[in-house]
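Data block below; observations after.
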There are 2 protein chains.
Amino acid sequence: MEKSQKIIFASDENCPVRRSLNLLGGKWTLLILFQINERIIRYGELKRAIPGISEKMLIQELNFLVEHKFVSKKAYPEIPPRVEYSLTKLGLKTLPIADTLATFGLESLT
Amino acid sequence: MEKSQKIIFASDENCPVRRSLNLLGGKWTLLILFQINERIIRYGELKRAIPGISEKMLIQELNFLVEHKFVSKKAYPEIPPRVEYSLTKLGLKTLPIADTLATFGLESLT
DNA sequence: CTGGATCCGTGATGATACTG
DNA sequence: CAGTATCATCACGGATCCAG
C-alpha cells in the first residue's frame, strides 16, 4: 500500500490554525467531511456526492480520516459488500469549518 | 515567470465549499490571511510571522491574493523599499474561516 | 529591503484496469 | 459494491542567483 501521504510537520508547534490545517488542509478533506455531514453514507453514495474525485483519493482520504478518528467505518460482511461511513464526535466538530467555507462561498464569491 | 500554480476548475459548478476551497485551499493561503488579519503589515514582518514558509511561496501567495482582491498592496518608492499588505473587504470576510480553524485547533486537537 | 526568475526533486493527485 | 494496483502527471516548494 502506498504510504500515508499527509505529513505532519513537527515545526507547527502551537499555531492552532496550522494544527488544524495539517489535518484538514488536504484538497478533498473538508469537502468529504462536509458531504458525510450527519448522514450515514455508503461508499458509492459518497463517491457520487463528490463528482471529480478519483477513487484513489476518496479511499485514501477516508482511510486517513478513519485513522485519525474523524470518521467511523462500518463494513457488513455481505455480498455485495456494504460499507457505511459516518462522522465521529470529533468529525462532527469539523462541520463548523466547512459551514464557514460554505457561507463565504455563498456570500462573497461571484 | 512560472505560471500561476493554483488552478480554478470549471467543474466545481455550484458547491460553495468547493468554490471557497479552490481559492483558499492552498497550503499557506488561510494562514497568511490570518496572520495579516486586521493589520497593515510589511513583507518582512509577515515572513517572520510565518516561520517555515519560503520566500517564493510567500510572494507567490501574496501575488495570488492581491490578484484575487483578498489583499491590497501598497509600495512606497523609498530606499530601502517598503511594501505594506493589508486585507481588503473581501479578505476580511475570510477571517471567520481561519477563526473557526483556530477554534477547532484549540478545542479539539491534543 | 522587497522582491523576480530559474532549476529541479519529490510528493500529491489523477486515470484506468483489475479483484473479491 | 467496495476497494487495490499500476502508472503517469502535475503542483508544491526548496535552493539559489539576481535586481531595483
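Chain identifiers are assigned alphabetically (A, B, ...) following the order of the sequence lines, protein sequences preceding nucleic acid strands; residue numbering begins at 1 within each chain.
To the nearest 0.5 Å, atom OH of residue Tyr85(B) and atom CG of residue Leu65(B) are 10.0 Å apart. Here Leu31(B) contributes atom CG and Arg18(A) contributes atom CZ; the two are 5.5 Å apart, rounded to the nearest 0.5 Å.
Distance CD (Gln60(B)) to P (dT6(C)): 13 Å, rounded to an integer number of Å. Atoms CD1 (Ile53(B)) and C1' (dT2(C)) sit 15 Å apart, rounded to a whole Å. Following rounding to the nearest Å, Lys27(A) (NZ) and dC10(D) (P) show an atom-to-atom distance of 12 Å. One can place CD of Glu55(B) at 13 Å from P of dT16(D), the figure rounded to the nearest angstrom. For the pair Met57(B) CE and dG11(C) P, the computed distance is 17 Å after rounding to whole Å. The CD-C1' distance, from Glu61(A) to dA2(D), rounds to 17 Å in whole Å.
Hydrophobic cluster membership differs between Leu33(A) and Ile40(A), with clusters built from Ile, Leu, Val, Met, Phe, Trp and Tyr side chains linked at under 4.5 angstrom. Clustering ILVMFWY residues whenever any of their side-chain heavy atoms sit less than 4.5 angstrom apart, transitively, puts Leu109(A) in the very cluster that holds Val66(B).
Applying the salt bridge (Lys or Arg N to Asp or Glu O under 4.0 Å) rule to Glu45(A) yields no partners; only residues at least two apart in sequence or on another chain are considered. For Lys69(B), there are no salt bridge (Lys or Arg N to Asp or Glu O under 4.0 Å) partners two or more places apart in sequence or in a different chain.
The side chain of Asn63(B) contributes no N or O atom lying less than 4.0 Å from OP1 or OP2 of dG3(C). When the side-chain nitrogen and oxygen atoms of Trp28(B) are compared with OP1 and OP2 of dA11(D), none of them lie within a distance under 4.0 Å.
Only Pro81(A), listed by number, bring a heavy atom of residues 74-82 of chain A to less than 4.0 angstrom from any atom of DNA chain C. Taking a 4.0 Å limit (strictly below) on heavy-atom distances, residues 39-49 of chain A does not reach DNA chain C anywhere.
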N/O donor to acceptor pairs below 3.5 angstrom from side-chain atoms of residues 70-79 of chain A, sequence neighbours left out:
unit_1	atom_1	unit_2	atom_2	d
Ser72(A)	OG	Ser86(A)	OG	3.2
Tyr76(A)	OH	Glu84(A)	OE1	3.1
Glu78(A)	OE1	Arg82(A)	NE	3.4
Glu78(A)	OE2	Arg82(A)	NH2	3.1

Please output the side-chain donor-acceptor pairs of residues 90-103 of chain A that fall under 3.5 Å, not counting sequence neighbours, one pair per line with the distance.
unit_1	atom_1	unit_2	atom_2	d
Thr94(A)	OG1	Gly91(A)	O	2.6
Thr100(A)	OG1	Pro96(A)	O	2.6
Thr100(A)	OG1	Thr100(B)	OG1	3.1
Thr103(A)	OG1	Asp99(A)	O	2.9

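Considering only heavy atoms from C-beta on, Leu46(B) comes within 4.5 Å of Leu62(B) through its side chain.
Closest to the side chain of Ile59(B), from the set dG14(C), dG3(D), dG4(C), is dG4(C).
Using a 4.0 Å heavy-atom distance criterion, Gly52(A) is classed as making no nucleic acid contact.
In the interface, the side chain of Lys56(A) is not paired with the base of dT4(D) through any donor and acceptor atom under 3.5 Å apart.
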